[in-house]
Protein chains: 2
Amino acid sequence: MTDFSPLLKNINRFVTLTNEEQARLKSILKVSKVKKKQMIIQPGAVCRYRSYIAKGAFRVFYLDDVGKEHTVSIGIEDWFVTDFYSYINQVPATNYAQALEDSVILQMKYEDIELLCKEIHSLSEYFRLTTEKAFAYSRRRVISNISKTAEQRYYEYIEKYPSIANRVPQYILASYLGVSPEFLSKIRSQKISKS
Amino acid sequence: MTDFSPLLKNINRFVTLTNEEQARLKSILKVSKVKKKQMIIQPGAVCRYRSYIAKGAFRVFYLDDVGKEHTVSIGIEDWFVTDFYSYINQVPATNYAQALEDSVILQMKYEDIELLCKEIHSLSEYFRLTTEKAFAYSRRRVISNISKTAEQRYYEYIEKYPSIANRVPQYILASYLGVSPEFLSKIRSQKISKS
DNA sequence: TAAAAAAAATAACAATGGATAAAAAAATAT
DNA sequence: ATATTTTTTTATCCATTGTTATTTTTTTTA
């Protein structure tokens, strides 16, 4: 028996669903356990699900043509994980999504969500409001990327998400910030010598 | 008399609005003419509107503490312009939004849109679907920023948005790509000598 | 708990991109 | 059309960040 309450609580922060609507939503959820390092999305395959992280942590990353990984997003409990472009356009993914820990996700199939959003106004509102927030944050990250040094971005990140920074390997954080792991290591060692 | 049809046509690509719903939407639109270089959003003031560009071009930019401009977005006809974070959270803006040409915008007040989205399911769907697209593109830009060189980002941009690249000053495109205008100039001169 | 694997640190050198200043070219206003 | 302002180019030097290789530390697995 799975506990859907964290997801329902999340939704409740934005909109109100009737009991029947909650039941319909639950009926389309597919619970999956994912082992650490396992991929739930891979380039080439269409990303059919939007996944809510009930337990654990994930990252979405892009593998470039010289084999380097670039982390697009890092998510923990109560976040969603998807290759968003692949998901909303239902075209082959360009990214991987990988469990950073043993995790449990609630998967929602694209077609099911689209149908439910068409039928349940509040659910449409929920995704509208949360995606607007996500978009606003993404724009802030763009500003950070184009206007700040790697050092500034690093300190900005550990201040904003200290628990995540301590939970994921440093080389993954480096690839999220857009710097080499060696350079992030250098940044950190400079800090220690200063303080 | 203003022509609302481009906006309605845009909406129609995603959802269907009844005549009455269209009328309600029109009733909240405020038409504004904006002269080139004029600011429609400024740091400190809450961004009360989501603006549809009926004619002209805009950019949203961040002015950092050493006085340098960083362009967050560039939009032309049939796009929206907003300091998104300020708009959706109704908190003071951190960015400017500036007309790059003499323009005409259709402004929608935050409260009006929120109310209409609560009352008109299709409109909620419209903003959900379009914001999902915007978010997906923003993530792609993040990948580009963290994984590519300035040169690659430049050629990627002019290939993707050739008409915009030719329509805005080069120093603004540079600030969008996250490079100095001098370096963008250098990139361009290298291309010419190669070809 | 020991061995193996993964992650982080260090260091020398290289490349990308920024700062500054000046000149040239283009756009705008008078 | 000319003067003025804005934008772009050019060039030199400097700072930030990447690369490669090696070592140390930490984590995982047997």
Side-chain angles (χ1 to χ4, degrees), chain A residues 35-38 56-57 59 61 64-71 74 98-102 144-158 164-195, chain B residues 35-38 56-57 59 61-71 74 98-102 144-158 164-195:
Chain A
K35 280 260 168 241
K36 181 170 175 173
K37 299 210 172 163
Q38 195 182 321
R59 67 161 173 153
F61 68 92
D64 72 19
D65 32 331
V66 297
K68 231 171 283 169
E69 299 175 356
H70 305 277
T71 299
I74 303 174
Q98 179 188 47
L100 299 174
E101 307 169 359
D102 290 350
S144 186
N145 282 334
I146 64 178
S147 70
K148 302 194 170 152
T149 65
E151 188 175 8
Q152 291 171 321
R153 296 200 299 279
Y154 172 65
Y155 289 116
E156 189 177 87
Y157 189 90
I158 58 175
I164 299 181
N166 287 319
R167 199 165 157 180
V168 306
Q170 208 170 288
Y171 75 92
I172 287 180
L173 181 52
S175 78
Y176 177 93
L177 296 171
V179 293
S180 66
E182 295 87 352
F183 191 65
L184 180 55
S185 174
K186 202 186 291 181
I187 289 170
R188 284 164 48 87
S189 68
Q190 279 163 4
K191 169 58 181 295
I192 292 157
S193 64
K194 266 188 237 165
S195 62
Chain B
K35 280 259 168 242
K36 182 171 176 172
K37 298 208 172 165
Q38 195 183 319
R59 67 161 173 153
F61 68 91
Y62 169 69
L63 189 68
D64 71 20
D65 33 331
V66 297
K68 230 170 287 167
E69 299 175 354
H70 304 277
T71 299
I74 302 174
Q98 179 188 47
L100 298 174
E101 305 170 2
D102 290 349
S144 188
N145 283 334
I146 66 178
S147 70
K148 301 194 169 150
T149 65
E151 187 174 11
Q152 290 171 321
R153 296 201 300 280
Y154 172 66
Y155 290 115
E156 188 177 85
Y157 189 90
I158 58 176
I164 298 180
N166 287 319
R167 199 166 157 180
V168 306
Q170 208 169 286
Y171 74 92
I172 287 179
L173 181 52
S175 77
Y176 177 92
L177 296 171
V179 292
S180 66
E182 294 87 353
F183 192 66
L184 180 55
S185 175
K186 202 186 290 181
I187 289 170
R188 283 164 49 86
S189 69
Q190 280 164 2
K191 169 57 181 295
I192 291 159
S193 64
K194 267 187 235 163
S195 63

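The chains referred to below are lettered A, B, ... by the order of the sequence lines, with proteins before strands, and numbering in each begins at 1.
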Worksheet, complete the sentence: Across all chains, not counting sequence neighbours, the side-chain hydrogen bond (donor to acceptor under 3.5 Å, both in side chains) partners of S144(A) are E156(A)
Practice prompt. Determine: side-chain N/O of R188(B) to OP1/OP2 of dT9(D), distance under 4.0 Å, yes or no.
Written response: yes
Fill in: Separation of dT17(D) C1' from K148(A) NZ (nearest whole Å)
18 Å
Worksheet entry | side-chain hydrogen bond (donor to acceptor under 3.5 Å, both in side chains) pairs, two or more places apart, involving residues 169-179 of chain A | T71(A)-S175(A), Q170(A)-R188(A)
Discussion item. Please report the distance, rounded to the nearest Å, between CG in N166(A) and C1' in dT26(D).
Written reply: 15 Å
Worksheet item: When you measure from the side chain of Q170(B), which nucleotide among dG18(D), dA9(C), dT8(D) comes out closest?
Response: dT8(D)
Fill in: salt bridge (Lys or Arg N to Asp or Glu O under 4.0 Å) contacts in which one or both residues fall within residues 166-181 of chain A, not counting sequence neighbours
E77(A)-R167(A), E101(A)-R167(A)
Item to complete: With the side chain of K186(A) defined as its heavy atoms from C-beta on, choose the nearest nucleotide among dA12(C), dT7(D), dG18(C).
Response: dA12(C)
Worksheet entry | Set of residues satisfying side chain to side chain contact (heavy atoms under 4.5 Å, CB included) with respect to A99(A), sequence neighbours excluded | V34(A), F58(A), S103(A)
Worksheet item: Nearest of dT19(D), dG18(C), dG18(D) to any side-chain atom of S180(B)?
Response: dG18(C)
Worksheet item: For K37(B) and S185(B), take the nucleotide of DNA chain D holding the closest heavy atom to each; which residue's nucleotide lies nearer the 5' end?
Response: K37(B)
Worksheet item: Taking only residues two or more places apart in sequence or in another chain, which ones pass side-chain hydrogen bond (donor to acceptor under 3.5 Å, both in side chains) with S147(A)?
Response: none
Discussion item. Distance check needed: dT27(D) P versus L100(A) CG, whole Å only.
Written reply: 16 Å
Practice prompt. In whole angstrom, give the distance that lies between atom CD of Q190(A) and atom P of dT17(D).
Written response: 10 Å
Fill in: Per-nucleotide protein contact string for nucleotides 22-30 of chain C, where B marks a base within reach and S marks sugar-phosphate only (heavy atoms under 4.0 Å, - for neither)
------S--
Item to complete: Find the distance L184(A):CG to dT16(D):P and express it as a whole number of Å.
Response: 16 Å
Worksheet item: Please give, in whole Å, the distance from dA9(C) C1' to Y154(A) OH?
Response: 13 Å
Worksheet item: Considering only dG17(C), dA19(C), dT17(D), which nucleotide approaches the side chain of A150(B) most closely?
Response: dG17(C)
Worksheet item: Which part of the nucleic acid, if any, lies within contact of F183(A), taking any heavy atom under 4.0 Å across all strands shown: a base, the sugar-phosphate backbone alone, or nothing?
Response: base
Fill in: Intra- and inter-strand pairs of DNA chain D in dot-bracket (Watson-Crick or G-U wobble, both distances under 3.5 Å; | for another strand)
||||||||||||||||||||||||||||||
Item to complete: Check the distance between dG18(D)'s C1' and L177(A)'s CG and give it to me in whole angstrom.
Response: 15 Å
Response to the item:
Contacts of D102(B) meeting salt bridge (charged side-chain N to carboxylate O under 4.0 Å, His left out) (sequence neighbours excluded), chain-then-number -> K35(B)
Worksheet item: So, for I187(A) and Y155(A), which heavy atoms are closest and what is the spacing to 0.1 Å?
Response: O-OH, 3.8 Å
Worksheet item: Considering only heavy atoms from C-beta outward, does the side chain of I164(A) approach that of Y157(A) to under 4.5 Å?
Response: yes
Fill in: Partner set under salt bridge (charged side-chain N to carboxylate O under 4.0 Å, His left out) for E182(B), not counting sequence neighbours
none
Item to complete: Take atom CD of E151(B) and atom P of dT16(C), then tell me their distance rounded to the nearest Å.
Response: 9 Å
Discussion item. A side-chain contact here means heavy atoms from C-beta on lying under 4.5 Å apart; do E69(A) and R59(A) qualify?
Written reply: yes
Worksheet entry | Nearest listed nucleotide, side chain of S189(B), among dT10(D), dG18(C), dT7(D) | dT10(D)
